[in-house]
Amino acid sequence: MSDDRHHVYDDIVEHDNKLPLWWQITLYGAILFGLVYWFGRRMEAIQSPAQAYSAEVAAQRAADAERARARGTIDDAMLATLSKDPALVARGKETFVTTCAPCHRPDGGGNIGPNLTDAYWLHGAKPTDLYRDVSEGIVAKGMPTWGPMLGDVKVQEVVAYVMVIENTNVAGGKAPQGELAVK
Ligand code: HEC
């Protein structure tokens, strides 16, 4: 089992024991796992714990949004739930950049239309106020009626996006108009 290596120091005899198989399997297994994991991460085939976590959160938020929509009532809570779904908000941003940007600037800072990134609102700050503004428009003031043009799903998505950019105060935005929203 053990070889005496004829090396004694302070009465301590050095042996050359063969390492048990389970120990070697653990060691080489850990090295192999490390290599595979490292390579997998490099090739982006394996998610980092942070990536896996945010993917799970995003999936949960999407499921919540789906359920809120399925209830069929558009209220503040429903729109707030939609605004927490990153994929839905990203679709809203696409609509915003293509449809709303000419008047509100691509970043929402305002142009002909008001700055949507401050905390001030002309027509109310509640999610349902934004939904009404976008869906029905404020025609007399030059804000078109988007409901029939975009369809309800896109209107909900773009409102969710506006809820996310509210209060981000982008640089060079238009001066505040309307009333400070107390939330
Ligand atoms: C043709 C120009 C134009 C386009 C395009 C446009 N808007 Fe507007 N929007 C306006 C104007 C002008 C107002 C301000 C109306 C007022 O003064 O009462 C406004 C107001 C708003 C408000 C209310 C702001 C407040 O202070 O209460 C929201 C929300 C809004 N727009 C969202 C959108 C979204 C979302 C889109 C894209 C789907 C969009 N707008 C596209 C011109 C536009």
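Atoms within a ligand are numbered from 1 in the order they appear, just like the ligands themselves. Every value quoted in this text rests on a predicted model; they were computed, and no experiment measured them.
Here the side chains of D152 and I74 are in contact, with some heavy-atom distance below 4.5 Å. The shortest distance between side-chain heavy atoms of L180 and W121 does not fall below 4.5 Å. Contact check for L122 versus K141: no side-chain heavy atoms found under the 4.5 Å cut-off.
By the 3.5 Å distance cut-off applied to N or O atoms, P114 is not counted among the residues near ligand 1. Taking any N or O of H123, backbone or side chain, at least one lies under 3.5 Å from an N or O belonging to ligand 1. The distance criterion of under 3.5 Å between nitrogen or oxygen atoms is met by H104 with respect to ligand 1.
Among protein heavy atoms, atom 43 (C) of ligand 1 sits closest to C103 CB, 3.3 Å. Among protein heavy atoms, the minimum distance from atom 41 (C) of ligand 1 is reached at W146 NE1, 3.3 Å. Looking at atom 12 (C) of ligand 1, its nearest protein heavy atom turns out to be K141 O, 3.2 Å. Closest protein heavy atom to atom 33 (C) of ligand 1: M143 CE, 3.1 Å. Scanning the protein heavy atoms around atom 28 (C) of ligand 1, the nearest turns out to be L116 CD2, 3.8 Å. The nearest heavy-atom contact from the protein to atom 26 (O) of ligand 1 is L122 N, 2.7 Å. In terms of protein heavy-atom proximity, atom 42 (C) of ligand 1 is nearest to G142 O, 3.5 Å.
Checked by atom type and distance alone, the side chain of D118 never pairs as donor or acceptor with a backbone atom of A175 at under 3.5 Å. No donor-acceptor pair under 3.5 Å is formed between the side chain of H104 and the backbone N or O of G109.
Of all the atoms in ligand 1, the ones that sit under 4.0 Å from a non-hydrogen atom of V134 are 32 (C), 35 (C). Within the listing of ligand 1, atoms 5 (C) sit less than 4.0 angstrom from a heavy atom of T99. Atoms of ligand 1 lying under 4.0 Å from any heavy atom of G113, numbered from 1 in the order shown and given with element: 10 (C), 11 (C), 12 (C).
Contact analysis leaves G178 out of contact with ligand 1, as no non-hydrogen atom separation drops below 4.0 angstrom. Ligand 1 is never approached by P102 to a heavy-atom distance shorter than 4.0 Å.
Nearest approach of P106 to V97, heavy atoms of both residues: O-CG2, 4.2 Å. The two residues L88 and A160 make their nearest non-hydrogen contact at CD2-CB, 3.7 Å.
Within a 6.0 Å sphere centred on CZ of F39, other residues, nucleotides and ligands contribute 12 heavy atoms or fewer. R71 CZ: 12 or fewer foreign heavy atoms inside a 6.0 Å radius.
The backbone and the side chain of W121 each have at least one atom closer than 4.0 Å to an atom of ligand 1 (non-hydrogen atoms only). Contact annotation for D133 and ligand 1: only side-chain heavy atoms (C-beta onward) come within less than 4.0 Å of the ligand.
Among the atoms of C100, no N, O or S atom is found under 2.8 Å from atom 8 (Fe) of ligand 1.
Note that the CD atom of E157 and the CG atom of L150 stand 10.0 Å from one another [nearest 0.5 Å].
Between the side chains of Y131 and D75, no donor-acceptor pair is found at a separation under 3.5 Å.
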